[in-house]
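Working notes, structure below.
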Amino acid sequence: MRLDGSQPSRGNAKRLRKVMTPPEIGLWLALRKNKTGLRFRRQHAAGRYVLDFYCAPARLAIEVDGEAHERGDRPARDISRDNWLAGHGVKVLRYSAKDVLGNVEGVARQIVDIARQRSDSP
């Protein structure tokens with residue numbers, strides 16, 4: 001299954017690219033300059049969801065979670081979303097916004113390492 005989103009998800013993804021949070025911007029800049037040749041997409045439509053970042057060859061989604069992800073029904077919604085993605089062969093990595101801001105280069109390095117391992121696997 002292709003992870004291209006439906007038209008509403010695509011429009012939402014385009015809108016979200018214009019209003020990225022500071023942790024997302026920092027991580028995006030770090031992921032873009034990786035030397036492995038792996039390409040990452042930002043605010044990528046996947047079904048009815050929009051992924052913060054996605055590496056297609058590795059089938060790897062990266063989510064930067066702010067404090068809102070710990071409140072209300074968000075944890076349950078995140079689990080449901082992660083399960084849907086896993087059902088389509090996509091691994092989800094989640095990082096807190098605080099961790100990204102505190103160590104953006106380290107987080108990016110870890111993401112690139114995992115993406116490289118996954119893209120090299122059969």
Side-chain angles (χ1 to χ4, degrees):
M1 172 183 171
R2 290 186 57 165
L3 291 176
D4 292 341
S6 63
Q7 210 49 33
S9 291
R10 280 188 177 163
N12 194 30
K14 186 175 182 179
R15 181 185 62 76
L16 289 171
R17 280 191 287 275
K18 295 178 182 179
V19 294
M20 291 174 64
T21 66
E24 290 172 337
I25 292 168
L27 186 56
W28 171 240
L29 294 173
L31 290 173
R32 282 182 53 187
K33 67 180 184 181
N34 85 81
K35 306 283 190 231
T36 64
L38 287 170
R39 297 190 66 194
F40 292 85
R41 299 174 188 162
R42 62 188 168 122
Q43 304 302 333
H44 176 72
R48 63 185 182 132
Y49 302 108
V50 178
L51 310 175
D52 289 343
F53 302 99
Y54 182 65
C55 180
R59 299 191 64 82
L60 182 67
I62 300 95
E63 293 296 312
V64 178
D65 295 341
E67 289 181 15
H69 284 265
E70 300 170 6
R71 297 190 188 122
D73 68 340
R74 281 308 294 251
R77 287 175 33 200
D78 287 345
I79 289 169
S80 175
R81 169 191 173 119
D82 291 355
N83 288 338
W84 184 86
L85 289 164
H88 290 89
V90 176
K91 178 176 178 63
V92 179
L93 300 178
R94 291 190 171 274
Y95 295 91
S96 73
K98 183 179 176 181
D99 288 343
V100 172
L101 283 174
N103 185 17
V104 70
E105 293 299 327
V107 169
R109 222 177 0 262
Q110 183 180 48
I111 291 167
V112 169
D113 287 346
I114 293 169
R116 190 174 53 231
Q117 290 169 6
R118 286 182 58 85
S119 62
D120 289 344
S121 300

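A distance of 15.0 Å separates CD of Gln43 from OH of Tyr54, quoted to the nearest 0.5 Å. Atom CD of residue Glu63 and atom CG of residue Asp52 lie 4.0 Å apart, to the nearest 0.5 angstrom. Leu93 contributes atom CG, which lies 7.0 Å from atom CD of Gln110 (distance to the nearest 0.5 angstrom). Distance check: Asn83 CG to His88 NE2 gives 12.0 Å after rounding to the nearest 0.5 Å. Between atom OH of residue Tyr95 and atom CD1 of residue Ile111 there is a gap of 4.5 Å, rounded to the nearest 0.5 Å.
Considering every non-hydrogen atom in both Glu24 and Val64, the closest pair reads CG-CB, 4.2 Å. Closest approach of Trp28 to Met20, counting heavy atoms only: CB-CE, 3.9 Å. Of all heavy-atom pairs spanning Ser80 and Tyr49, the tightest one is OG-OH, 4.2 Å.
With sequence neighbours excluded, no residue forms a side chain to side chain contact (heavy atoms under 4.5 Å, CB included) with Ala86. By the side chain to side chain contact (heavy atoms under 4.5 Å, CB included) test, Asn34 pairs with Thr36, Leu38, Phe40, Val112, sequence neighbours left out. Leu101 meets the side chain to side chain contact (heavy atoms under 4.5 Å, CB included) test with Pro23; sequence neighbours excluded. For the salt bridge (Lys or Arg N to Asp or Glu O under 4.0 Å) test, residues two or more places apart in sequence or in another chain that qualify with Arg77 are Asp73. For Ala108, the side chain to side chain contact (heavy atoms under 4.5 Å, CB included) partners two or more places apart in sequence, or in a different chain, are Leu27, Ala30, Leu31.
Of the possible polar contacts, none joining the Arg39 side chain to the Ala56 backbone as a donor-acceptor pair under 3.5 Å is found. A donor-acceptor pair is defined here as one N or O able to donate and one able to accept, closer than 3.5 Å; such a pair exists between the side chain of Arg118 and the backbone of Arg59.
Two residues are said to be in side-chain contact when any heavy atoms from C-beta on lie closer than 4.5 Å; Arg94 and Asp82 meet this criterion. Side-chain contact between Arg42 and Ile25: absent, with no pair of heavy atoms (C-beta onward) separated by less than 4.5 Å.
Note on residues 103-114: pairs passing salt bridge (charged side-chain N to carboxylate O under 4.0 Å, His left out), not counting sequence neighbours, are Lys33-Glu105, Asp113-Arg116.
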